[in-house]
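Everything on this sheet refers to the single structure shown next.
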There are 2 protein chains.
Amino acid sequence: MPRAGLSAERLIGEAAELADEVGFEQVTVSALARRFGVRVASLYSHLDGSHDLRTRIALLALEELTDRAAAELAGRAGRDALVAFADVYRDYARQHPGRYAASRYRLDPETAAASAGVRHARLLRSVLRGYDITGDEQTHAVRLLGSVFHGYVSLELEGGFSHSAPDSGRSWARIVEVLDALLRNWPDAAQPDASQQGS
Amino acid sequence: MPRAGLSAERLIGEAAELADEVGFEQVTVSALARRFGVRVASLYSHLDGSHDLRTRIALLALEELTDRAAAELAGRAGRDALVAFADVYRDYARQHPGRYAASRYRLDPETAAASAGVRHARLLRSVLRGYDITGDEQTHAVRLLGSVFHGYVSLELEGGFSHSAPDSGRSWARIVEVLDALLRNWPDAAQPDASQQGS
DNA sequence: GCAAATTGCCTAAATGGTTTAGGTTTTGTA
DNA sequence: TACAAAACCTAAACCATTTAGGCAATTTGC
């Protein structure tokens, strides 16, 4: 009988496709074997089980996403960089919902530390170099941006904003614009309670 | 043999506990049956299967969360309301991670429309009444807040901010503060930069 | 070109979750 | 007391996961 020509590479590539088609949670060693017309057990020489499969899809996704971000960020700063980073993020999630979900798969600390995730985080921090925010405040800002991007995209993918006006893309663009204004005009940490107006 | 005294109510209550203890994804009809010392099939007269089980936990969580938010929001406006809403959200997620995950379980549209989720959304919108933002801009702001809250909390639960300074609670408080400033000083929709026209 | 070693894919089987079809026991109530 | 409904059961089918061990296709060393 002819062989299917499996390899870890091909397996993960197809698994990522599968994730985009049917959802990351539905990616299963069985489904992948079916896709290759091969017995389930055959995959266990290439993969270390279902957790390993998911982990590898996650690593692939993180790398793809980070590469895109790095490419778009080159030569941009400030608001342009912010918009580019944000759009890469959302576009990737919309084009590859399964991979995006994979990129949120919980990795054990060592794996995470060796993944493209840290490069991605560094890229986000580098976007903030275009604004005048430093120290702990910069960390707060990074966490804010990460939360907005991830939060918006996952709510959008879950269908949260689907059938209601205004269009989700409009809200996204406006939110990024508003965030840019916020970063340019980052409020003092001291005590902002008095009615601040100008800026 | 004595009966366990099952009912849909008790089942869902225990299932929510179970979710908080072992994680929402691990909540399974089998695990729940084990918890009650009962055969798996016995639960199928009370539940319509595993999807139904998860859906009901989700509905419970949405209701609890919304009730808390409503209680804390009573008599507050503006910044106080924003902080209260945000803290209820994060506290609930930290105290009940399984239930929180459940509250993000995807419901079919009719179920979602009949859930406490819509009440929760209305509450969030009511928080914005303390600021001078209307129309589409208000919707953008609602989406921004929802994204930040959900995004931050889920990144935090995934361990994203765990072992690094500054403390996650500090970032949270600061972010809410910054959002309040942003809402009080919501930038104009017209381009502050030149060179672009609205969509 | 051939034998040996390796690798790729296989069958078989155990474990455990899901779900349905039906049976029996308990319990509340007429 | 008797009966109907509810609560819980056994049995069995289906599917995903995982391991153990086997044979065949390919690659390698000569």
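Note on naming: letters A, B, ... go to the chains in the order of the sequence lines (proteins, then strands), and numbering restarts at 1 for each one. This one's a predicted model, so the numbers in the text were calculated from it and none came from an experiment.
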Report, one pair per line, the protein and nucleotides 17-19 of chain C atoms (nitrogen or oxygen only) whose separation is under 3.5 Å.
| residue | atom | partner | partner atom | Å |
| --- | --- | --- | --- | --- |
| C/dG17 | OP1 | B/R34 | NH2 | 3.4 |
| C/dG17 | OP2 | B/R34 | NH1 | 3.3 |
| C/dG17 | O3' | B/T28 | OG1 | 2.6 |
| C/dT18 | OP1 | B/T28 | OG1 | 2.7 |
| C/dT18 | OP2 | B/T28 | OG1 | 2.4 |
| C/dT18 | OP2 | B/V29 | N | 3.1 |
| C/dT18 | OP2 | B/S30 | N | 3.1 |
| C/dT18 | OP2 | B/S30 | OG | 3.4 |
| C/dT19 | OP2 | B/Y44 | OH | 3.0 |
| C/dT19 | OP2 | B/S50 | N | 2.7 |

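Ring-centre distance between B/F24 and B/H96: not below the 6.0 Å cut-off.
Taking atom CG of residue B/L6 and atom P of nucleotide D/dC8, one finds them 4 Å apart after rounding to whole Å. In this structure, CZ of A/R39 is placed 18 Å from P of D/dT18, rounded to the nearest angstrom. Between B/L43 atom CG and C/dT20 atom C1' the separation is 14 Å, expressed in whole Å. When the P atom of D/dC15 is taken as reference, atom CG of A/L32 falls 18 Å away, rounded to whole Å. When the P atom of D/dT19 is taken as reference, atom CG of A/D52 falls 11 Å away, rounded to whole Å. Rounded to a whole Å, the CG atom of A/L47 is 15 Å from the C1' atom of D/dA16. What separates CD of A/E25 from C1' of D/dA16 is a distance of 16 Å, to the nearest Å.
Using a 4.0 Å cut-off, some side-chain N or O of A/H46 falls inside it from OP1 or OP2 of C/dC9. Residue A/S42 has a polar side-chain atom (N or O) positioned under 4.0 Å from OP1 or OP2 of C/dC10.
Side-chain atoms of A/T28 do not come within 3.5 Å of backbone N or O of A/A31 as any donor-acceptor pair. A donor-acceptor distance shorter than 3.5 angstrom exists from the side chain of A/D20 to the backbone of A/R99, with no hydrogens or angles considered. Between the A/R129 side chain and the A/A77 main chain, no donor and acceptor come within less than 3.5 Å of each other.
Residues passing the side-chain contact (heavy atoms from CB on, under 4.5 Å) test with A/S168 are A/R90, A/Y152, A/E156, A/F161, sequence neighbours excluded.
Under the 3.5 Å distance criterion, with hydrogens and angles disregarded, no donor-acceptor pair is assigned to the side chains of B/R119 and B/T66.
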